[in-house]
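Accompanying notes for the structure given below.
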Amino acid sequence: MTEPIEDMPKAYQPADIEAKWYRTWEDGGYFKPKIDPAKKPFTLMMPPPNITGQLHMGHAMYTIQDVLTRFHRLAGDPTLWLPGTDHASIATEVKVLEALREEGLTKENLGREGFLKRAWEWRDEYGGRIVKQLRRLGASCDWSRERFTMDEGLSEAVAEVFCRLYEKGLIYRGDRIIQWCPECMTSLSDIEVEYEEQSSHLWHVRYPGVEGQDVVVATTRPETMLGDTAVAVNPNDPRYADLVGKHVRLPILDRIIPVVADEYVDASFGTGAVKITPAHDPNDFEVAKRHGLEILRVMNYDGVMNELAGPYAGKSASETRRLVAAELERLGLLVKVEPYTHNVGVCYRCGRTVEPITSLQWFVTMKPLAEPAIEAVRSGATRFAPERFAQVYYNWMENIRDWCISRQLWWGHRIPAYYCDDCGTMSVARIKPSKCPSCGSVELRQDEDVLDTWFSSALWPFSTLGWPKDTPDLRYFYPTSVLVTGYDIIFFWVARMIFSGIEQMGETPFHTVMIHGLVRDAQGRKMSKSAGNGIDPLDVIERFGADALRWALVSGVSPGNDLRYSNEKTEAARNFANKLWNAARFVKMNLGGTPGGIGGCELDLADKWILTLCQRTVRDAERHYRDFDLALAAQSLYDFTWNAFCDWTIELSKPALFGGDELKRDKARAILAYVLDILLKLLHPIMPFITEEIYGLLPLPGKHGLLIEADWPVPDAAFDFPGEAARMEGVIEIVRAVRAIRLERGVAPGRRARLDLLPAAGWEDALEEAAPIFERLANAQGVRILTRRDDAPAQAARGVTAAAEIFIPLGELVDIDKERARIGKALAQTRQEIARGEAKLANEGFLSKAPAGLIEEERAKLEQRRAMLAALEAQAEVAG
RNA sequence: GGUCUGUUGGCUCAGUUGGUAGAGCACAUCGUUCACAUCGAUGGGGUCACUGGUUCGAGUCCAGUACAGACCACCA
């Protein structure tokens with residue numbers, strides 16, 4: 001304890017160093033890739049968080065992206081992780097409206113211009129919040145390339161894509177049935193509707209026949225019968241065979257409507273007859289198209305019935321439902337009402353029940369875009385990790401329907417379509433035409449609607465790189481390497497990026513889609529603000545440090561599976577960080593200056609062991625990082641750090657460091673420095689702050705910082721000694737056995753007991769060499785390596801390992817009964833193992849079909865067990 | 001209705017091409033000079049949900065069953 005250690009406190013204090021290092025890295029420009037045409041870049045696009053967002057545990061999963069980014073940067077790839085934010089059309093508009101409401105303002109008061117001004121102000125104030133918070137997590141993205149989906153360039157990309165698709169005939173405007181949110185007053189795409197189970201009723205209503213019999217239909221929505229334009233039955237249903245082509249009378253409105261036959265009707269459900277309301281039900285709409293039925297929309301977009309609803313005009317849908325049911329009852333046409341549970345679609349933003357309704361909207365024709373996108377995954381051009389998510393993707397893509405892209409909102413990319421009020425011509429153009437291409441009128445009116453927010457996100461992998469301009473970034477970084485995201489947005493985003501990338505760039509946007517699970521709370525519930533079970537990552541970082549949180553999120557998780565988060569996990573990770581910190585502190589304290597290399601040192605068993613494990617860990621960590629198995633990388637590093645380096649190597653280095661032998665001391669220093677150096681590099685992708693800090697504190701030659709040097713370790717065959725490593729394992733086993741015996745015997749921990757070892761065949765040299773290890777770690781004194789069993793002390797506690805028989809002459813402490821019991825237990829276990837081995841080796845099938853190496857291993861093990869058995873039997877005899 | 005996932009020690013979860021089950025936390029006993037009590041040593045604890053199959057050998061592959069969860073579809 002002669003070295004000053006004022007720069008390393010006893011406990012790791014993350015708060016002090018995280019901000020410092022982040023600033024150093026960012027200011028130094030180390031997150032910016034150096035474009036090198038000779039090298040293949042590694043590119044990741046950050047899923048842009050909504051500007052409405054605050055950092056939550058879901059975003060904390062961006063750690064995965066940072067781990068990949070940092071690994072590849074260290075491995076020498078020009079690495080770009082491009083960050084940005086999403087304007088989140090509907091979500092933001094809702095938030096801004098809320099703010100306005102508090103001031104007593106509405107959209108209508110402000111007008112479009114005024115509203116957009118407010119929205120931009122809102123964005124300027126809150127839009128940067130989340131990206132600042134990402135810095136706290138350590139996200140090493142290239143902020144100089146940060147993008148926002150409504151940036152000028154990205155907006156240009158949106159208009160370009162819209163026009164291209166329109167010109168190809170893949171975007172059209174049509175009056176079709178869509179999902180409508182009466183709260184947000186906008187259309188939604190199919191996937192923006194969520195379904196929740198609601199208990200309701202099934203009303204059975206009699207429609208009197210005109211030329212023939214009456215028909216009873218069942219409905220969950222009596223109010224929509226006002227818009228009925230037919231009744232449908234299954235063509236093969238004998239009950240209604242006579243009725244097809246005839247008519248029934250729609251109650252209340254007394255409209256005569258036809259009975260049609262359509263395969264869509266399931267004869268076994270309800271009465272087998274379905275009322276057809278084309279304007280308010282997607283299936284009915286399809287039926288109407290097939291049969292050329294009239295489409296009557298009886299509800300307005302605010303959820304209020306219109307004049308086509310006759311006496312109910314002006315009333316709300318729910319009120320109308322009650323009134324219609326009551327009227328039917330009065331007319332004696334309500335056959336029965338039964339309780340019924342069914343799924344009701346709700347808006348994914350506001351939760352209000354959505355109305356399927358016909359409306360004039362813009363759509364993308366999906367089939368031609370989906371086909372090559374399916375092929376891209378099928379061919380392996382883009383692969384999913386884990387692969388099972390490809391199935392989810394296929395499922396959706398193969399059953400895809402046209403995408404409703406127009407929204408009746410103001411915040412977003414306005415649809416680049418222009419209408420001439422003079423001649424009625426519509427033109428679609430990248431920039432507003434100065435006059436109508438048809439009649440020359442200068443009175444052009446742009447479409448009022450904006451695009452689905454996901455339309456612009458779909459272009460993210462190339463719009464962020466400058467497209468439609470041909471930029472060096474675009475040429476170098478596209479297609480990207482990996483997209484990392486949660487399984488919840490495969491449809492919203494991943495699928496749309498794939499077909500957009502293929503359509504616009506001619507190439508799939510990423511080689512790999514790495515899908516991760518969702519962060520849940522300790523009980524497995526989804527974390528959410530409303531449920532009050534959310535944990536703020538910033539609080540966690542405050543308490544345990546960013547590295548600990550990062551570690552907790554990537555370790556102990558299998559790819560694609562949800563993760564139950566609890567602070568206990570982060571606490572364990574914090575403890576690991578502290579362990580690393582103190583190991584480094586020990587090394588620093590004892591290095592005494594710049595250490596030498598290990599090249600010229602005389603290495604002993606323990607040295608060769610840790611060096612061998614070190615090479616193995618380098619190989620494993622690299623492999624796991626490359627395979628996206630971050631949890632396995634973490635596990636491997638944890639074991640090596642704690643159970644090998646700290647528990648054994650550091651302990652074993654103490655005699656050399658504190659002893660008088662300079663050669664031994666220098667060697668110990670060299671080894672500690674070598675291993676720690678590699679360890680820091682391997683750990684850096686997951687724990688960037690602490691590793692960088694420690695690295696900076698160590699007096700290593702020629703170092704400038706982990707991030708700067710990007711010096712990823714490669715396995716060194718010169719320090720790989722599998723034979724010696726195995727010997728050391730045998731030694732460790734003996735140490736453990738001695739400790740166990742001592743504890744069991746109640747030997748005072750401070751007491752140094754004598755230790756005699758009778759080596760198993762072939763272990764003599766190793767044990768001779770390991771004598772100091774036993775003294776140090778098994779608290780032994782005067783270790784003797786025996787050559788004959790006869791030399792063993794009669795009065796001793798005994799044990800047997802694969803490498804040796806153990807004798808601890810304890811004199812008065814030897815308890816014959818305990819001795820007998822323990823030997824008996826060991827005997828039984830060894831006999832069992834021998835029996836198992838013998839059975840295996842007697843099995844013809846095993847001998848003829850198992851790999852030769854395995855058989856050899858089994859034989860050797862059996863040999864070893866037999867030797868142990870002999871030793872145990874001899875001990876049992878002594879013990880009586 | 002369809003697809004997918006999970007079911008491994010008290011809890012949370014790992015388990016890489018099939019070769020006699022692991023970690024963290026918790027628990028028990030012991031331990032305070034010499035990096036770390038955010039620590040050390042040692043130990044107890046699992047018929048790997050169930051049934052059948054393939055195999056010399058199955059937690060691992062196949063089929064089915066049960067339970068839990070997710071997603072898609074939405075028959076009014």
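Protein chains get the first letters and strands the later ones, always in sequence-line order, with residue 1 at the start of each.
- Backbone-only contact: W642(A) has heavy atoms under 4.0 Å from sugar-phosphate atoms and none from a base.
- Within 4.0 Å (heavy atoms only), A583(A) reaches at least one base atom of the nucleic acid.
- For A41(B), the OP1/OP2 oxygens have no side-chain nitrogen or oxygen of N779(A) closer than 4.0 Å.
- Taking only side-chain nitrogens and oxygens, K654(A) comes nearer than 4.0 Å to OP1 or OP2 of A35(B).
- Close to A41(B), at under 4.0 Å from its OP1 or OP2, lies no side-chain N or O of R742(A).
- At the heavy-atom level, V587(A) lies nowhere under 4.0 Å from the strands shown.
- Residue D627(A) is classed as having no contact, given no heavy-atom separation below 4.0 Å to the nucleic acid.
- For the OP1/OP2 pair of C74(B) and a distance below 4.0 Å, the side-chain nitrogens and oxygens of R401(A) include at least one atom meeting the criterion.
- Using a 4.0 Å heavy-atom distance criterion, F544(A) is classed as making no nucleic acid contact.
- Within the nucleic acid shown, R543(A) has no heavy atom closer than 4.0 Å to any nucleic acid atom.
- If you check every strand for non-hydrogen atoms under 4.0 Å, E744(A) touches nothing.
- Heavy atoms of D647(A) sit under 4.0 angstrom from primed sugar atoms or phosphate atoms, though from no base atom.
- If you check every strand for non-hydrogen atoms under 4.0 Å, K569(A) touches sugar and phosphate atoms only.
- F491(A) comes within 4.0 angstrom of the backbone, heavy atoms only, and of no base.
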